[in-house]
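Since the structure comes first, as structure tokens, the remarks are kept for the end.
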Number of protein chains: 2
Amino acid sequence: MGVVRKTKSVQTILEIFNQTEEAISVVELIERLKSQMNKTTIYRILERLEEDALLHSFLGHDGVKWYAKCHECSSHDHHDVHPHFQCVDCGKVDCVEIDVTIPKIPNRQVMNSNVLIRGRCEECV
Amino acid sequence: MGVVRKTKSVQTILEIFNQTEEAISVVELIERLKSQMNKTTIYRILERLEEDALLHSFLGHDGVKWYAKCHECSSHDHHDVHPHFQCVDCGKVDCVEIDVTIPKIPNRQVMNSNVLIRGRCEECV
DNA sequence: AACCTTATTGCAACTATGTTGCAATAATAG
DNA sequence: CTATTATTGCAACATAGTTGCAATAAGGTT
């Protein structure tokens, strides 16, 4: 039970994510919305939207948190199993809809995995 | 040209990494060595050791930086192509010597990738 | 061994990302 | 319209990591 009330701030953030297929970093979001809402509010709304599986989060190569729309996530089991791609040229980050299979590791139990790919996107290749 | 002088501090840190096959987070290292050297020194030594391909670094699931010994890295091309594994029970982090193949992505150029696996290690499974 | 050069270190101050407590505000049920 | 309480704003804090600069010390040279 993340988002209970559809406030102006929640709607604003949801609209932003609905206008793009790309991921957005929290830093970027705070910068874009700094005249409209407090950074604490942004952190908390993103948290709630992730609880509701409308967004999912992951860490970029520099440890900054990114969020993107969820497509395949249910609210129960919503790990981002797909990899995330960061373009070294334009900086764009998005979800890649391919499966990366993690091989079995002897005597270990794999629970989930994060894959971050760096390279050049369609427009920069 | 990372490490030029073999100072006491450099030797201390190298010894620590040589005594284990596990990765060590910078935070942990700062805590362990706080009576012996400054945190700035630690950051800088780790940086130099990575330049020399004696260590490699990667980000843990919470964005904290970890370092581990390099086995297969040359000083030219030393990406950590192998995945890193973090045990959700005991917290141990280490390198996993398996290959995770990233499939080709249409119209994109993959340059490198980071794979972080979470699960249970041999002792906690 | 004493000296010189400069890589390395320590310190303090700073940046950036993210968190917390609490009072004020506003969404929604009744 | 009113009451309840989820949500927000703010200020203060926490933590990871960086920077500038003066002091120190490694290691080559004499």
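Proteins get letters first, then strands, A, B, ... in listed order; numbering begins at 1 in each.
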Does the ring center of B:H84 lie less than 6.0 Å from the ring center of B:H61? no
Nearest whole Å is fine: how far is [N] [atom2] from [X] [atom1]?
X     : N      : atom1 : atom2 : answer
A:E47 : C:dT17 : CD    : C1'   : 14 Å
B:R44 : C:dG10 : CZ    : C1'   : 8 Å
A:D62 : D:dA16 : CG    : P     : 17 Å
A:L33 : D:dT8  : CG    : C1'   : 14 Å
B:K65 : C:dT17 : NZ    : P     : 16 Å
B:Q11 : C:dT9  : CD    : C1'   : 15 Å
A:I42 : C:dT19 : CD1   : P     : 13 Å
B:N38 : D:dT24 : CG    : P     : 15 Å

Heavy atoms from C-beta onward define the side chain here; which of [options] lies closest to that of [X]?
X     : options               : answer
A:I45 : D:dT19, C:dT20, D:dT8 : D:dT8
A:V4  : D:dA6, D:dA16, D:dT8  : D:dA6
A:R5  : C:dT28, C:dT5, C:dT9  : C:dT28
B:Y43 : D:dG17, D:dG20, D:dT8 : D:dG17

Between A:E122 and A:K92 (salt bridge meaning N to carboxylate O under 4.0 Å), is one present in this structure? yes
Just checking [X]: base, sugar-phosphate only, or nothing, at a heavy-atom cut-off of under 4.0 Å?
X     : result
A:R48 : sugar-phosphate
A:T7  : sugar-phosphate
B:K39 : base

For residues B:P103 and A:V100, report the shortest heavy-atom separation together with the two atoms involved. CD-CG2, 4.0 Å
Classify the angle between the aromatic ring planes of A:W66 and A:F58 as parallel (below 30°), tilted (30 to 60°) or perpendicular (above 60°). parallel
Taking the six-membered ring of A:F85 as reference, does the cationic atom of B:R108 (NZ for Lys, CZ for Arg) lie under 6.0 Å from its centre and within 45° of its axis? yes
So which one's nearest nucleotide on DNA chain D is more toward 5', B:K6 or B:T40? B:T40
